K.L.:
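I'd like to ask you about the structure that follows.
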Protein chains: 2
Amino acid sequence: MATLSDVARRAGVSPATASRVINGSSKPVTDELRERVLRAVAELQYVPNAHAQLLARAHRTAVGVIVHDVSDPYFAEITRGLQRVAGDRGLLLTICNSYRDPDRELEYVELLRGQQVAAIILAGSGYHDATFTRLLNEKLAAYEATGGRVAVIGRHEHSGDAVMPDNRTGGRLVGRELCELGHRTIGVVAGPQVLTTTTDRLAGLREALAEHGRSLPGHRVRYAEFDRDGGVAATAALLDAEPELTAVVALNDSMAIGALALLRSRSVAVPREVSVIGFDDMPIARDVTPALTTVRLPLVEMGARAMSLALDPAVPQPRTELVAAELVRRDSTGPAPQLMPVRPRAGGPAGPTAARPPRASDPDRPSRPTARPPAP
Amino acid sequence: MATLSDVARRAGVSPATASRVINGSSKPVTDELRERVLRAVAELQYVPNAHAQLLARAHRTAVGVIVHDVSDPYFAEITRGLQRVAGDRGLLLTICNSYRDPDRELEYVELLRGQQVAAIILAGSGYHDATFTRLLNEKLAAYEATGGRVAVIGRHEHSGDAVMPDNRTGGRLVGRELCELGHRTIGVVAGPQVLTTTTDRLAGLREALAEHGRSLPGHRVRYAEFDRDGGVAATAALLDAEPELTAVVALNDSMAIGALALLRSRSVAVPREVSVIGFDDMPIARDVTPALTTVRLPLVEMGARAMSLALDPAVPQPRTELVAAELVRRDSTGPAPQLMPVRPRAGGPAGPTAARPPRASDPDRPSRPTARPPAP
DNA sequence: GCCCGCAGGGAAAAGGCTTTCACTGCGGTA
DNA sequence: TACCGCAGTGAAAGCCTTTTCCCTGCGGGC
């Protein structure tokens, strides 16, 4: 590997001059020498050793983010926002996947510290785990004590700058929507119980249901992984135990897609028999059938704001930016079916469809009801 | 930021001893001193400076990958495979998004070289661009000349180790399937024309059609971005120009999802009126409606194999691993409609559906026809 | 009682770069 | 003419680790 000295030697100058030419120092260099150095660089295909540079230079040139999994669209979107702001400021973004393993998260904080990053962003739900939280805060505090900056997205535990999606209000929106559509027996397909995102969303949902005089008994909440297969499993369990359900709330869109898949496989019509509602508004939500009603979080913007927070000069008291959630009505929700049971059909009009079980999509239903039934 | 000297001073030992304790050197250290050092480390929350370590140590400890965009499921899957193998060997993976910008790709090669990575993986389609290819190969050669290892996924341009998805055969599978289903007028929703992935898949498709005595005139191929919105745009253009189309081939699944969305918005029944077929078999393909018929590429495995290739000791002659593509039949393809036009319905039986346009999902069609009509 | 070998520890070099400081001419001012 | 200042360059001091090499005792074999 060619080094700066090699370049300098070949150009017949000192390393100092070579360095000055290569990274456009403010010190002037004669065109003659500059030319020689540049030629040597090209001939040797010289690339500066980034680690040596980092060691020699004072200022940090990278930032790090710890997410659960970048390939999860939720984090992919957030990362896009982070990336944009970091890129604008000429900083490199190192992405670390914790795969929801608290220990790995801790390790990654150390690793990023070791990399001398200018800032660490923690994206994704926190855990209900006092020991872990304390450990994490200690590590973050140590990092901040040496000038490191920290921002979190959607985590309560850290006392510094934060971008907080309003999961609770999002949950309320879901609850209100379903109540107004007349749903009374609502099941929840929830992510891991240890995640604050799960409990926050659930708490909001519960509040809204309570306001409408409904309850959400524990047996109608099923916890599983926050992904498609978790959604399948939890929905299956829910449906088996509570056949009279008219709505399924999934606590994120991936789970909702799993719920949709399971319902389709069981030939349950959505939304005629069961409504499904998701959370996050991932890009794919509009492309599943029926298009998913969900709660939108401006994920890219959340990422961008978190990075800005982390990169702007520190202020004495921590800033928290609450990000509003917004209900997006699509085709997977509809009015609750009448109390008369729909499955075993009560001898409807004979026709080609009579012998078939009801199917996933209901062609009779326009893509969006223009008038909605009044809340009961 | 605490340094090793700080630790050593606090423990009352030399930096050498502190270093030995901290990274378990083979040199023995008294328990007494070891204890003191460890305590100092804990008290100072010392984390070694990764860059200084890299500089001092001989061996490389990271690998890099350049993808078009990790948040694209195609690359997310590949990256997962890369990550797995790298992780198993205790190497860190640095991910770079080129966003399909050749210049940025070039820059990233330099950057990764500067980071002293042990290997560079180039994932994703190459370009039909001789200048760029030459430049890239020069940079890669320079990197390899200094002991760097390179592996590519799905790129012809590089002469070294490669994992090559059999895009051409995949294209043939698509063509054969559609021909056997009786389709004659087939449109293609293609990715950017400069990408070899696009042209390879297209070439295979053309071959298969030719073998069945059909042709694919240029005006039935529309090029757009390799994403959902590209799929929407290209499909719209295609449909407007070629209303008699009975099948749409999308050259990747994202575009296929866009095609599905556009067809749905135009109330064209899939697959009754138009069949849609994708490519890649991204996880979401099974969850759209109708579930997408597509060509499966074992993406995770491709990533894993590429990383193994790059990390195994170099061999004199480059290895190329061809990865087989496989057709996955789902619900978005079906027999070509009869030549009698289907849209303007020929006065079918009166009923509640008569006044409505045909809709995206056809409840009359079982999820998979058990017997397929013979090819004409 | 001597010397050898080794356990245990420290000094210092190396790794590649940036940057401060010092040095050399030169043009310009007093 | 003597000096000041500055443009242009190089020497060298870091930056933080790792690791080689060397030194000091000490125990054991003869």
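No experiment lies behind these values; they were computed from the predicted model shown.
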K.L.:
Nearest-Å distance, CZ (B:Arg60) to P (C:dG15)?
P.N.:
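It works out to 12 Å between those atoms.
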
K.L.:
Measure the distance from CD on B:Gln53 to P on D:dC15 and round it to the nearest whole Å.
P.N.:
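Whole-Å distance recorded here is 18 Å.
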
K.L.:
Heavy atoms from C-beta onward define the side chain here; which of C:dG16, C:dT19, C:dG8 lies closest to that of A:Arg57?
P.N.:
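Of the candidates, C:dT19 comes closest.
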
K.L.:
Tell me whether the side-chain N/O atoms of B:Ser14 come closer than 4.0 Å to OP1 or OP2 in C:dG10.
P.N.:
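Indeed, a polar side-chain atom of B:Ser14 lies that close.
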
K.L.:
Report yes if a side-chain nitrogen or oxygen of B:Tyr46 is closer than 4.0 Å to either non-bridging phosphate oxygen (OP1 or OP2) of D:dC16; otherwise report no.
P.N.:
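It does not, given that no N or O in the side chain of B:Tyr46 lies less than 4.0 Å from OP1 or OP2 of D:dC16.
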
K.L.:
Taking 4.0 angstrom as the limit, do B:Arg36 and B:Glu43 come out as a salt bridge?
P.N.:
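No salt bridge links B:Arg36 with B:Glu43.
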
K.L.:
For residues 51-67 of chain A, which side-chain donor-acceptor pairs fall under 3.5 Å, sequence neighbours excluded?
P.N.:
| residue | atom | partner | partner atom | Å |
| --- | --- | --- | --- | --- |
| A:His51 | ND1 | B:His51 | ND1 | 2.8 |
| A:His51 | NE2 | B:Gln115 | O | 2.8 |
| A:Arg60 | NE | A:Gln116 | O | 3.4 |

K.L.:
Counting heavy atoms from C-beta on, name the nucleotide in C:dG16, C:dA11, C:dT19 closest to the side chain of A:Ala56.
P.N.:
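In terms of side-chain proximity for A:Ala56, the closest of C:dG16, C:dA11, C:dT19 is C:dG16.
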
K.L.:
Given D:dT17, C:dT18, C:dG16, which nucleotide is nearest the side-chain atoms of A:Asn23?
P.N.:
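Per side-chain heavy atoms of A:Asn23, the pick is C:dT18.
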
K.L.:
Does the pair B:Arg80/B:Glu77 count as a salt bridge with the N-to-O cut at 4.0 Å?
P.N.:
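Yes, this pair counts.
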
K.L.:
Exactly one of A:Arg100, A:Arg155, A:Lys139 should register a salt bridge (charged side-chain N to carboxylate O under 4.0 Å, His left out) with A:Glu105. Which one does?
P.N.:
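Running salt bridge (charged side-chain N to carboxylate O under 4.0 Å, His left out) over A:Arg100, A:Arg155, A:Lys139 with A:Glu105 returns exactly one hit, A:Arg155.
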
K.L.:
Detail all sub-3.5 Å separations between protein N/O atoms and N/O atoms belonging to nucleotides 4-6 of chain C.
P.N.:
none

K.L.:
Do the side-chain N or O atoms of A:Thr30 get closer than 4.0 angstrom to the phosphate oxygens (OP1, OP2) of D:dT9?
P.N.:
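Yes, because at least one side-chain N or O of A:Thr30 sits under 4.0 Å from OP1 or OP2 of D:dT9.
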
K.L.:
Whole-Å distance between C:dG15 C1' and A:Leu54 CG?
P.N.:
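Atom CG in A:Leu54 sits about 15 Å away from atom C1' in C:dG15.
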
K.L.:
For the side chain of B:Thr17, starting at C-beta, report the closest nucleotide among C:dG10, D:dT9, D:dT18.
P.N.:
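Looking only at side-chain atoms, B:Thr17 lies closest to C:dG10.
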
K.L.:
When you get a sec, tell me which of D:dC16, C:dT18, D:dT9 is the closest nucleotide to the side chain of A:Val29?
P.N.:
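Among the listed nucleotides, the one closest to the side chain of A:Val29 is D:dT9.
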
K.L.:
Listed by chain and number, what are the ring-ring contact (aromatic ring centres under 6.0 Å, His included) partners of B:Tyr127, not counting sequence neighbours?
P.N.:
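Once residues adjacent in sequence are excluded, the partners of B:Tyr127 under the ring-ring contact (aromatic ring centres under 6.0 Å, His included) criterion are B:Phe132.
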
K.L.:
Sequence neighbours left out, what pairs pass ring pair (Phe, Tyr, Trp, His ring centres under 6.0 Å) with at least one residue falling in residues 69-120 of chain A?
P.N.:
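As it turns out, the ring pair (Phe, Tyr, Trp, His ring centres under 6.0 Å) pairs with a partner in residues 69-120 of chain A, which skip direct neighbours, are A:His68-A:Phe75.
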
K.L.:
Just the rounded figure in Å: distance from C1' of D:dG14 to CG of B:Leu55.
P.N.:
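Answer to the nearest Å: 13 Å.
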
K.L.:
From CD1 of B:Ile22 over to C1' of D:dT19, roughly how many Å is that when rounded to an integer?
P.N.:
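Going from B:Ile22 (CD1) to D:dT19 (C1'), I get 15 Å.
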
K.L.:
Provide a list of protein-nucleic acid N or O atom pairs under 3.5 angstrom, restricted to nucleotides 21-23 of chain C.
P.N.:
none

K.L.:
Name every donor-acceptor pair, under 3.5 Å, that has one atom in a side chain of residues 303-311 of chain B and the other anywhere in the protein, sequence neighbours excluded.
P.N.:
| residue | atom | partner | partner atom | Å |
| --- | --- | --- | --- | --- |
| B:Arg305 | NE | B:Glu321 | OE1 | 2.5 |
| B:Arg305 | NH1 | B:Glu301 | OE2 | 2.9 |
| B:Arg305 | NH2 | B:Glu321 | OE1 | 2.8 |
| B:Ser308 | OG | B:Ala304 | O | 3.0 |

K.L.:
Can you tell me the distance, in whole Å, between the CG atom of B:Asp31 and the P atom of C:dA7?
P.N.:
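Atom-to-atom, B:Asp31 to C:dA7, this comes out as 15 Å.
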
K.L.:
For B:His59 and C:dA14, give me the distance from atom NE2 to atom C1', rounded to whole Å.
P.N.:
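After rounding, the reported distance stands at 16 Å.
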
K.L.:
Could you work out which one of D:dC16, C:dG10, D:dT18 sits closest to the side chain of B:Leu4?
P.N.:
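From the listed options, D:dT18 comes nearest.
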
K.L.:
Would you say D:dT18 has OP1 or OP2 under 4.0 Å from some side-chain N or O of B:Ser19?
P.N.:
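Looking at the OP1 and OP2 atoms of D:dT18, one of them is under 4.0 Å from a side-chain N or O of B:Ser19.
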
K.L.:
Apply side-chain contact (heavy atoms from CB on, under 4.5 Å) to the pair B:Val7 and B:Val37, showing each step before the final yes or no.
P.N.:
CA-CA 7 Å; B:Val7 172; B:Val37 170; 4.3 Å; yes

K.L.:
What integer distance in Å separates B:Glu35:CD from C:dG8:P?
P.N.:
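About 17 Å, once rounded to whole Å.
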
K.L.:
side-chain contact (heavy atoms from CB on, under 4.5 Å), that's the test. Do B:Thr320 and B:Val163 meet it? Break it down for me.
P.N.:
CA-CA 6 Å; B:Thr320 296; B:Val163 171; over 6 Å; no

K.L.:
Within the structure shown, what part of the strands sits under 4.0 Å from A:Leu33 by heavy-atom distance: base, sugar-phosphate, or nothing?
P.N.:
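The residue A:Leu33 makes sugar-phosphate contact but no base contact.
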
K.L.:
Should A:Asp312 and A:Arg89 count as an ion pair when the cut-off is N to O under 4.0 Å?
P.N.:
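Here A:Asp312 pairs with A:Arg89 in a salt bridge, since their nearest N and O are under 4.0 Å apart.
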
